[in-house]
Amino acid sequence: MDISTMDRGQITLMGSGICVLLSMHFTVQLLSQHLFYWKNPKEQKAIIISILMAPIYAIDSFVGLLDFQGSKAFFTFLDSIKECYEALVIAKFLALMYSYLNISLTKNIVPDEIKGREIHHSFPMTLFQPRTVLLDHKTLKLLKYWTWQFVVIRPVCSILMIALQLLGMYTNWVSWVFTIILNVSVSLALYSLVVFYHVFAKELEPHKPLAKFLCIKGIVFFCFWQGVVLEILVSLGVIRANHFWLDVEHLEEAIQNVLVCVEMVIFSVLQQYAYHVAPYSGNVEQKMKLKKRE
């Protein structure tokens with residue numbers, strides 16, 4: 001393959017494809033390590049679902065990059081895949097935190113040392129919940145419901161959004177309704193994670209929960225906010241198709257897909273630290289247990 005004979009569009013596609021392969025390489029590397037040291041299926045299943053987020057986002061974006069002329073419904077479908085998976089990862093992340101503290105809601109197991117901890121709610125949650133709640137089985141189940149509601153609401157909204165776009169009924173006010181519903185839903189899911197982490201930050205510290213959480217939200221943060229910025233720049237005419245090799249109708253989606261392919265390589269590398277296999281690889285696991293006892 002002679003790069004000198006390729007135009008800018010082909011070079012960008014090739015570069016994005018290489019980024020997807022790199023993201024898959026680092027993820028498969030970490031995935032294979034966890035499968036090799038398969039010692040805690042409950043925790044490691046949640047970890048695997050989380051680390052697959054980067055390559056799924058990269059592949060999804062690359063598919064969108066291949067079809068620049070796709071309809072708005074097509075790009076909504078691709079975005080929905082990423083966001084539905086994000087919802088699953090958030091729910092599984094809370095399940096992972098529960099597992100770290102030996103909490104099992106199905107078996108009604110809540111360690112005595114964590115019962116009775118105070119959870120302090122802030123506004124606007126105080127409109128629906130007491131300001132201070134004592135942690136028990138019921139409270140833990142409620143936090144779980146708050147994360148899983150997003151897993152249900154996100155795909156339902158996606159299906160409705162795509163259907164309305166195909167029927168030509170997706171007006172501006174309908175778009176705003178879905179935006180409000182989804183933002184309230186994801187905010188509630190994230191709120192439950194933050195509340196739980198705030199209460200058990202010390203106990204969870206050996207498991208690097210903050211690094212894990214930042215990997216998840218970092219992916220979502222970059223994808224969302226850079227998409228907003230690109231949309232504004234395109235609407236203002238700062239970025240135009242004739243300024244780039246991308247001569248397409250949905251310019252912001254095309255640029256967004258290129259950026260996501262590159263960023264997922266970075267996040268797949270960061271996940272090597274956040275979801276390291278060391279706690280399951282033998283001696284390190286024993287050292288962590290001894291550290292907890294101390």
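Computation of the quantities below employed the complete heavy-atom set of this structure, encompassing side-chain atoms and omitting hydrogens, waters and symmetry-equivalent molecules.
In this structure, Lys208 and His276 approach most closely via the heavy-atom pair NZ-CB, 4.3 Å. When every heavy atom of Ser268 is checked against every heavy atom of Leu22, the shortest pair comes out as OG-O, 4.5 Å. Taking every heavy atom of both residues into account, Ser16 and Val258 meet most closely at OG-CG1, 4.1 Å. Across Ser61 and Cys261, no two heavy atoms sit closer than the pair CB-SG, 4.0 Å. Among all heavy-atom pairs drawn from Glu83 and Tyr57, the shortest one is N-OH, 4.3 Å. Considering all non-hydrogen atoms of both residues, Ser23 and Met264 come closest at OG-O, 3.5 Å.
Two residues are said to be in side-chain contact when any heavy atoms from C-beta on lie closer than 4.5 Å; Leu30 and Gln33 meet this criterion. Looking at Leu135 and Glu118, their side chains never come closer than 4.5 Å, going by heavy atoms from C-beta outward. Thr147 is not listed as a side-chain neighbour of Leu143, based on a closest heavy-atom distance of 4.5 Å or more. With a 4.5 Å cut-off on side-chain heavy atoms, Phe213 and Leu190 count as touching.
A 6.0 Å sphere centred on NZ of Lys82 holds more than 12 heavy atoms belonging to other residues, nucleotides or ligands. The environment of CE in Met161 is crowded: more than 12 heavy-atom neighbours from other residues, nucleotides or ligands sit within 6.0 Å. At most 12 non-hydrogen atoms from other residues, nucleotides or ligands lie less than 6.0 angstrom from NZ of Lys144.
Under the 3.5 Å distance criterion, with hydrogens and angles disregarded, a donor-acceptor pair is assigned to the side chains of Tyr280 and Glu43. Looking only at atom types and distance, the side chain of Gln271 has no donor-acceptor partner in the side chain of Thr27 under 3.5 Å away.
Judged by the 6.0 Å distance and 45° axis criteria, Lys212 is not positioned over the aromatic ring of Phe93.
Put simply, OH on Tyr275 and CG on Leu270 are 11.0 Å apart, with the number rounded to the nearest 0.5 Å.
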As a quick check of understanding, evaluate side-chain contact (heavy atoms from CB on, under 4.5 Å) for Leu164 and Phe178, giving each step before the final call.
CA-CA 11 Å; Leu164 290 173; Phe178 280 114; 3.7 Å; yes

Take Tyr85 and Met53 through the test side-chain contact (heavy atoms from CB on, under 4.5 Å) and record every step on the way to the result.
CA-CA 7 Å; Tyr85 196 80; Met53 190 175 183; 4.0 Å; yes

Intermediate values then yes/no, side-chain contact (heavy atoms from CB on, under 4.5 Å), Met125 and Val195:
CA-CA 11 Å; Met125 291 306 298; Val195 166; over 6 Å; no

Stepwise side-chain contact (heavy atoms from CB on, under 4.5 Å) check, Thr139 with Leu134:
CA-CA 8 Å; Thr139 309; Leu134 296 180; over 6 Å; no

What verdict does the side-chain hydrogen bond (donor to acceptor under 3.5 Å, both in side chains) test give for Ser185 and Gln149, after you've listed the backbone C-alpha separation in whole Å, the side-chain angles of each residue and the deciding distance to 0.1 Å?
CA-CA 7 Å; Ser185 180; Gln149 54 81 26; 2.7 Å; yes

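Note: the hydrophobic cluster containing Val89 does not contain Ile153 (ILVMFWY, side chain heavy atoms under 4.5 Å, direct or indirect links). Cluster annotation: Val174 and Phe77 are assigned to distinct hydrophobic clusters (Ile/Leu/Val/Met/Phe/Trp/Tyr, side-chain heavy-atom contacts under 4.5 Å, transitive). Cluster annotation: Val277 is connected to Trp38 through the hydrophobic network of ILVMFWY side chains, with a link wherever side-chain heavy atoms come within less than 4.5 Å. Transitive grouping of hydrophobic side chains (ILVMFWY, heavy atoms separated by less than 4.5 Å) brings Leu142 and Tyr98 into a common cluster.
In this structure, Glu205 contributes its side chain and Ala201 its backbone to no donor-acceptor pair below 3.5 Å. Judged purely by atom type and a 3.5 angstrom limit, Ser192 uses its side chain to pair as donor or acceptor with the backbone of Ala189. Between the side chain of Asp60 and the main chain of Ile56, no donor-acceptor pair closer than 3.5 Å is present. Proximity of a side-chain donor or acceptor of Ser175 to a complementary backbone N or O of Thr171 within less than 3.5 Å is not detected. Looking at Gln44, its side chain does come within 3.5 Å of a backbone N or O of Tyr37 through a donor-acceptor pair.
Applying the ring-ring contact (aromatic ring centres under 6.0 Å, His included) test to pairs two or more places apart or on separate chains, those with a residue in residues 252-274 are Phe222-Phe267.
A salt bridge links Arg117 with Glu203: the closest approach of a Lys/Arg side-chain nitrogen to an acidic carboxylate oxygen falls below 4.0 angstrom.
For Tyr191, the side chain to side chain donor-acceptor pair (under 3.5 Å) partners are His121, not counting sequence neighbours.
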